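From a predicted model like this one, the values you see are computed outputs, not experimental measurements.
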Amino acid sequence: MFREADAGDFDAVMRLYRQLHPRDSPGGREADVFTEILRTPGLRLFVLEVDGVVVATTYFNLIPNLTRGAAPYAVIENVVVDAERRGTGLGKEIMARTLQAAWDAGCYKVMLMTGSRTPATHAFYRACGFDPDEKTAYVSRPTR
């Protein structure tokens, strides 16, 4: 079942995020940020459940826009399918449903970035309808 996450999904989502970023150290604010995301219009955490277990998640950000006829756009982040269930079609399912949420919201485009250099990851996103040649992404991080 595809649905928006609720307060009871915190542990399941964090379990998946630990698979995405196993070297991340908890910052201590995750539960508060999770609640903030759930309460903020335009921010949506989606989950995919199989037999009552959360097995995949996406983080959907709907962004208002003053160009393109004031049509919004979306950014999808933190796409994770449980490691034991990868390759079973669940990733394509949650991405298709997340993209549909964007189209239903009137988005004129959806963007996604990946830090992965794995060819299979890029093939997956292309199979989901993303074009790696459409835009060029740049990332900046604070100097430490």
When you check the side-chain N and O atoms of Thr114 and Thr121, is any donor under 3.5 Å from an acceptor?
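No.
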Show the nearest heavy-atom pair for residues [X] and [Y], with the distance to one decimal.
| X | Y | answer |
| --- | --- | --- |
| Val47 | Ala5 | CG1-CB, 4.0 Å |
| Trp103 | Tyr108 | CZ3-C, 4.5 Å |
| Ala7 | Leu38 | N-CD1, 3.6 Å |
| Cys128 | Leu99 | O-CD1, 3.4 Å |

Quick check: do [X] and [Y] have side-chain heavy atoms less than 4.5 Å from each other?
| X | Y | answer |
| --- | --- | --- |
| Val110 | Phe130 | yes |
| Glu30 | Phe10 | yes |
| Leu16 | Val54 | yes |

Return yes if some donor-acceptor pair links the side-chain N/O of [X] with the main-chain N/O of [Y] below 3.5 Å, else return no.
| X | Y | value |
| --- | --- | --- |
| His122 | Ser116 | yes |
| Thr57 | Phe46 | yes |
| Asp9 | Asp6 | yes |

Cluster check [X], [Y]: I/L/V/M/F/W/Y, side chain < 4.5 angstrom:
| X | Y | answer |
| --- | --- | --- |
| Leu48 | Tyr17 | no |
| Val13 | Tyr59 | yes |
| Val53 | Met14 | no |

Using a 3.5 Å cut-off and no angle test, enumerate the donor-acceptor pairs between side-chain atoms of residues 21-28 and protein atoms at least two apart in sequence or in another chain.
none

With a 3.5 Å cut-off and sequence neighbours excluded, list the donor-acceptor pairs that the side chains of residues 71-95 form with protein atoms.
| residue | atom | partner | partner atom | Å |
| --- | --- | --- | --- | --- |
| Asp82 | OD1 | Glu84 | N | 3.0 |
| Asp82 | OD2 | Arg15 | NH1 | 2.5 |
| Asp82 | OD2 | Gln19 | NE2 | 3.1 |
| Arg86 | NE | Val81 | O | 2.7 |
| Arg86 | NH2 | Val81 | O | 3.0 |
| Thr88 | OG1 | Arg85 | O | 2.6 |

